[in-house]
S.K.: 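Questions regarding the structure given below will be posed in turn.
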Number of protein chains: 2
Amino acid sequence: MSRNDRFYTVRGYQLLNQEDKLLTSGMEDYLEMIYRNMEKEGYMRINTLSNLLNVKPSSATKMVQKLSALGLLDYRKYGIIFLTEAGKKYGRFLLERHNVIEKFLVNIGITENLLSETELIEHSISKNTMANIDMLNRFFETHPAILDEFRKFREPGFEKTDE
Amino acid sequence: MSRNDRFYTVRGYQLLNQEDKLLTSGMEDYLEMIYRNMEKEGYMRINTLSNLLNVKPSSATKMVQKLSALGLLDYRKYGIIFLTEAGKKYGRFLLERHNVIEKFLVNIGITENLLSETELIEHSISKNTMANIDMLNRFFETHPAILDEFRKFREPGFEKTDE
DNA sequence: CAAAAAATTTAGCCGCCGCTAAATTTATGA
DNA sequence: TCATAAATTTAGCGGCGGCTAAATTTTTTG
């Protein structure tokens with residue numbers, strides 16, 4: 001039985017993958033949000049970040065220090081937060097991943113709690129799975145008749161109303 | 001802006017939902033595994049459980065005590081672990097959810113690390129999302145030509161080789 | 001330009017879920 | 001049966017990512 005077909009707990013997988021996985025889920029949340037704000041305003045502040053993520057400023061400070069130590073943020077105490085090149089690259093990836101998951105959920109008919117569903121799922125998706133879900137999205141996009149057929153299948157009676 | 005379209009961190013969602021979500025991801029891992037063994041052997045022991053989940057026995061004890069306090073296990077110190085009715089019901093649900101996610105991943109073409117991918121994703125899926133993914137699985141099952149078309153779309157050139 | 005306000009950081013606590021080491025209970029076999 | 005082995009539990013630690021309270025720095029304003 002190889003490492004691959006043995007069971008682990010969520011925590012167990014975390015511990016196993018902490019060599020190759022750079023960021024924890026929490027750090028990813030912060031980096032993704034900083035990236036969003038970079039696109040909008042060009043920079044980020046601790047207070048803005050803590051408001052956007054619904055955490056206390058002290059929590060934001062702690063995470064920003066970690067991301068900074070990892071070379072993803074350009075930042076000094078009491079200062080303005082910018083992304084380094086590495087941070088931008090990672091942030092862009094996180095936002096893309098988010099959008100792939102969200103689009104998939106919309107495709108299969110999720111409307112309630114779309115944001116929170118996406119936010120929770122995105123951290124547990126590998127690049128490979130993300131790529132394959134993206135292919136499924138593209139498949140539906142280029143084959144709208146099939147997506148339509150699925151929707152009829154899913155909810156007979158509501159043929160056209162949703163979407 | 002309602003609670004629904006605000007961002008939170010993973011930890012934030014955890015804290016928000018701890019009223020309605022009975023179990024943590026970790027507890028779910030243990031309960032699911034106990035359920036698997038119930039089906040196979042009818043009972044569970046701490047050592048077996050810790051081996052199956054690749055944790056130390058002391059960790060298994062701690063979680064079993066928690067699940068027991070929640071009324072999901074029938075268990076006394078140094079004794080054999082059984083599921084209560086509530087535990088069986090929850091365990092059955094967990095196994096079903098696992099299988100729905102796994103089938104979906106297989107459908108979209110995941111072969112590498114299938115188990116770990118499933119194990120990580122399953123905890124972040126709501127009942128609603130699970131139901132919709134299940135519908136997608138059923139859709140592919142009843143429309144094999146469409147699944148086939150997706151596979152060609154996904155991997156042009158490997159038309160028939162996989163599955 | 002000094003005092004007050006606002007923003008940020010630090011220190012220290014908590015629950016989760018791993019771990020190790022040591023204690024305890026249960027099972028085995030000479 | 002009784003000593004040893006095996007299984008299980010307890011105690012206590014560590015990192016994560018929240019929190020509060022208090023300290024510090026920066027900004028605003030009279």
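Here the structure is a predicted model, which is why all the values come from computation and not from measurement. Just so it is clear: chains get the letters A, B, ... in the order the sequence lines come, proteins before strands, and each one is counted from 1.
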S.K.: For the side-chain contact (heavy atoms from CB on, under 4.5 Å) test, which of A:Leu114, A:Thr118, A:Thr111, A:Ile101 pairs with A:Val106?
M.R.: A:Leu114
S.K.: Could you tell me whether A:Arg36 and A:Glu32 have a side-chain N and a carboxylate O separated by less than 4.0 Å?
M.R.: yes
S.K.: Can you tell me the distance, in whole Å, between the CG atom of A:Leu49 and the C1' atom of C:dT8?
M.R.: 12 Å
S.K.: Shorter than 3.5 Å, N or O on both sides, protein versus nucleotides 18-20 of chain D: list them out with atom names.
M.R.:
| unit_1 | atom_1 | unit_2 | atom_2 | d |
| --- | --- | --- | --- | --- |
| D:dG18 | OP1 | B:Thr9 | OG1 | 2.6 |
| D:dG18 | OP2 | A:Tyr30 | OH | 2.8 |
| D:dG18 | O6 | A:Lys62 | NZ | 2.6 |
| D:dC19 | OP2 | A:Lys56 | N | 2.9 |
| D:dC19 | OP2 | A:Ser59 | OG | 2.9 |
| D:dT20 | O4 | A:Ser58 | OG | 2.9 |

S.K.: Any side-chain heavy atom of B:Arg45 within less than 4.5 Å of one from B:Ile80?
M.R.: yes
S.K.: Does C:dT10 have its OP1 or OP2 closer than 4.0 Å to a side-chain nitrogen or oxygen of A:Gln65?
M.R.: yes
S.K.: Using only side-chain N and O atoms of B:Asn47, determine if any of them is under 4.0 Å from OP1 or OP2 of D:dA6.
M.R.: no
S.K.: Tell me: NZ of A:Lys66 to P of C:dT10, nearest whole Å?
M.R.: 14 Å
S.K.: Mind jotting down which residue pairs meet the side chain to side chain donor-acceptor pair (under 3.5 Å) criterion with at least one end in residues 58-73 of chain B? Sequence neighbours excluded, please.
M.R.: none
S.K.: Does CZ belonging to A:Phe140 count more than 12 external heavy atoms closer than 6.0 Å?
M.R.: yes
S.K.: If I take atom CG in residue B:Leu23 and atom P in nucleotide C:dG15, what distance separates them, rounded to the nearest angstrom?
M.R.: 19 Å
S.K.: So does B:Glu41 have more than 12 non-hydrogen atoms from other groups sitting under 6.0 Å from CD?
M.R.: yes
S.K.: Give a yes/no on whether any side-chain N or O of B:Lys77 is located under 4.0 angstrom from OP1 or OP2 of D:dT10.
M.R.: yes
S.K.: What integer distance in Å separates B:Leu70:CG from C:dC16:P?
M.R.: 10 Å
S.K.: Roughly how many Å is it from CG in A:Leu16 to C1' in C:dC17, rounded to a whole number?
M.R.: 15 Å
S.K.: Starting at CD1 of A:Ile46 and ending at P of D:dT27, how long is that distance when rounded to a whole Å?
M.R.: 14 Å
S.K.: Does anything in residues 122-137 of chain B pair up under salt bridge (Lys or Arg N to Asp or Glu O under 4.0 Å), and if so which pairs, sequence neighbours excluded?
M.R.: B:Asp134-B:Arg138
S.K.: How long is the line joining CZ of A:Arg76 and P of C:dT8, in whole Å?
M.R.: 15 Å
S.K.: Would you mind reading off the distance between B:Glu28 atom CD and C:dC17 atom C1', rounded to a whole angstrom?
M.R.: 15 Å
